[in-house]
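Read through the structure below, which is laid out as structure tokens, and then see the notes.
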There are 2 protein chains.
Amino acid sequence: MNRSDGPSVKAVHTSLDVLRVVADLDGAGVSEIASRLDRSKGGVYKHVRTLTDRGYLVEDGTTYRPGLRYWTLGTDVRDRLVPEQVKSTVDDLSASIGHAVALIVYEAGIAAVVYSRVPSDTAIQPIVEGDSLPLHATAAGKAVLAYLPEDERETILDGDLAAHTNATLTDPAAVKDALETVRERRLAEDHGEYVADVEAIAAPVIGANGYPFGSIAVTSRPEELLDGNLEADASLVVSASKSLENVWAD
Amino acid sequence: MNRSDGPSVKAVHTSLDVLRVVADLDGAGVSEIASRLDRSKGGVYKHVRTLTDRGYLVEDGTTYRPGLRYWTLGTDVRDRLVPEQVKSTVDDLSASIGHAVALIVYEAGIAAVVYSRVPSDTAIQPIVEGDSLPLHATAAGKAVLAYLPEDERETILDGDLAAHTNATLTDPAAVKDALETVRERRLAEDHGEYVADVEAIAAPVIGANGYPFGSIAVTSRPEELLDGNLEADASLVVSASKSLENVWAD
DNA sequence: AAATATCGTTCGCCGACTGTGAACGACGGT
DNA sequence: ACCGTCGTTCACAGTCGGCGAACGATATTT
């Protein structure tokens, strides 16, 4: 259950397990948490009280649910990651390309949408801020994956490549082939591999040390990107990603 | 430092202290955290490793900073609190009133902005999503404060009423008077008491049990609200707050 | 209405874990 | 070459985390 084998504080792991269960169930009582974690009620109770006192959980009658603290802390994290200038770059790209644009940050195996901009005439948003995207099944994820150090990439590809649609690449070798193409063009594509009837292209944002910081992606309905002038759109995305690399001297 | 005196897990408090320091400093190393908390480096090290293994902290060279997990968890909390229908109500109010509208949720002594909508022609946003507002110095906060149970309200008013501008009410008695007026009109006002040159009106959103769930606020530049037809705008806000009470059968 | 089940909460005990302080190698500045 | 500081490791000792039993209250069942 714990990822590393280094030094650790067991009681903290327990508390984080409690938080995870409560978040997964969107609210739970002491007994339910205890049975899911296979722990005593008395022990869980102490953790729940501690987390409530600190605002990480809120007591709602007889159940506990994650507190607003996550929201305020979460926006702080996001704001530090995405300065105003970065938002402008995304806004500009969205305006000139006429499609929804999302900014993705990669961290500890997770690719999260930290900012997005949709043209006012776009009906629904396929991906929204706060989403965590599968690395192998999205353009944004593949853009990151292609530029990860080889060992880290292998670890991910050897993991579970879940199928989200019947177009999802679930074979590690197939994904590796696709990543080869991504590196050649500095551009990743997704043809309904995560959400059916949604296509996307994405370019990586690479830090000064060569490690991918994230990616910037354009999403649209099928045929709109590819049937249009893909090359022109692609070059806009790539140049936006390069300008982000300059701003993002993190 | 801990709020309650009930049962608690000390090791968890320590970890949360570590998280707090790292968040406050926007990144810190083991030694700095240890000295701020007056603890041993070795002990802090174990906590930092544990939190990193779980994704709550990320190792950035020699310093640690809060992880993206807060952002993804935070948006989950927000999305559960603010269903799509609630967003529509806020959007509609903003469109018809022509000013920025914010939705505030109150929880465990904190009033946080969970959703906001600004007209496209508005230059800057005085308050943004994720902000935590002072209860005594904002219209949104006073709307909540006025409808809290008396003992909870007293506890807050006896605390620190920090001055944010020279218009901020810092005297508990003065705030109590203002809250009396709020209850009479079901409407709170703020005349540059939190941010200079920003005025706001807000109406409370009260749950079925009588406990305030939060509030809905309209912000604008000075004179724009009050010199216009305040009464008409106020009634729009109040009716929006009542429609939220129906939707928000939490 | 009585009986039963299940809830959250309290409490004492014991073994295991947390936290300390010292020591170490690696850097970086002087 | 020296000193200061960094993150990391380790063994020890006292503390405290977690278990399990018991309690009253509430909900459900018979």
Winner on side-chain proximity to Pro7(B), out of dG17(D), dG19(C), dT10(C), is dT10(C)

Ranking dT20(C), dT18(C), dG17(D) by distance to the side chain of Val9(B), first place goes to dG17(D)

With sequence neighbours excluded, residues passing side chain to side chain contact (heavy atoms under 4.5 Å, CB included) with [X]:
| X | result |
| --- | --- |
| Arg39(A) | Thr14(A), Leu37(A), Val44(A) |
| Thr89(B) | Ala240(B), Ser243(B), Leu244(B) |
| Asp26(A) | Arg80(B) |

Of all heavy-atom pairs linking Ala203(B) and Ala143(B), the shortest is C-CB, 4.0 Å

B/S/- along nucleotides 2-8 of chain D (protein heavy atoms under 4.0 Å) is ----SBB

Please report, rounded to the nearest Å, how far the [atom2] atom of [N] is from the [atom1] atom of [X].
| X | N | atom1 | atom2 | answer |
| --- | --- | --- | --- | --- |
| Asp60(A) | dG8(C) | CG | C1' | 15 Å |
| Asp38(A) | dC19(D) | CG | C1' | 12 Å |
| Asp17(B) | dG19(C) | CG | P | 10 Å |
| Ile33(A) | dC7(C) | CD1 | P | 12 Å |
| Lys46(B) | dA11(D) | NZ | P | 12 Å |

How about Glu59(B): does its CD atom have over 12 heavy atoms from other parts shown lying under 6.0 Å from it? yes

DNA chain D in dot-bracket form (Watson-Crick or G-U pairs under 3.5 Å, [ ] crossing, | inter-strand) is ..||||||||||||||||||||||||||||

Is any side-chain heavy atom of Val86(A) less than 4.5 Å from a side-chain heavy atom of Tyr115(A)?
no

Here the salt bridge (Lys or Arg N to Asp or Glu O under 4.0 Å) pairs for residues 144-158 of chain A, sequence neighbours left out, are Glu154(A)-Lys176(A)

Review point. Could one point to a donor on the side chain of Lys10(B) or the base of dG17(D) with an acceptor on the other under 3.5 Å away?
Key: no

Taking only residues two or more places apart in sequence, or in another chain, which ones meet [X] in a side chain to side chain donor-acceptor pair (under 3.5 Å)?
| X | result |
| --- | --- |
| Arg186(A) | Ser241(A), Glu245(A) |
| His47(B) | Ser15(B) |
| Glu180(A) | Arg183(A) |

Write out a two-atom table: protein N or O, nucleotide N or O from nucleotides 27-30 of chain C, distance below 3.5 Å.
none

* Considering only NZ, NE, NH1 and NH2 on the basic side and carboxylate oxygens on the acidic side, decide whether Arg54(A) and Asp17(B) come within less than 4.0 Å. => yes

Under 4.0 Å between a side-chain nitrogen and a carboxylate oxygen: does that hold for Glu129(B) and Arg78(A)?
no

What nitrogen or oxygen pairs link the protein and nucleotides 25-29 of chain D at under 3.5 Å?
none

By ring pair (Phe, Tyr, Trp, His ring centres under 6.0 Å), Tyr56(A) pairs with (sequence neighbours left out) Tyr70(A)

Report yes if at least one side-chain N or O of His47(A) is closer than 4.0 Å to OP1 or OP2 of dG18(D); otherwise report no. yes

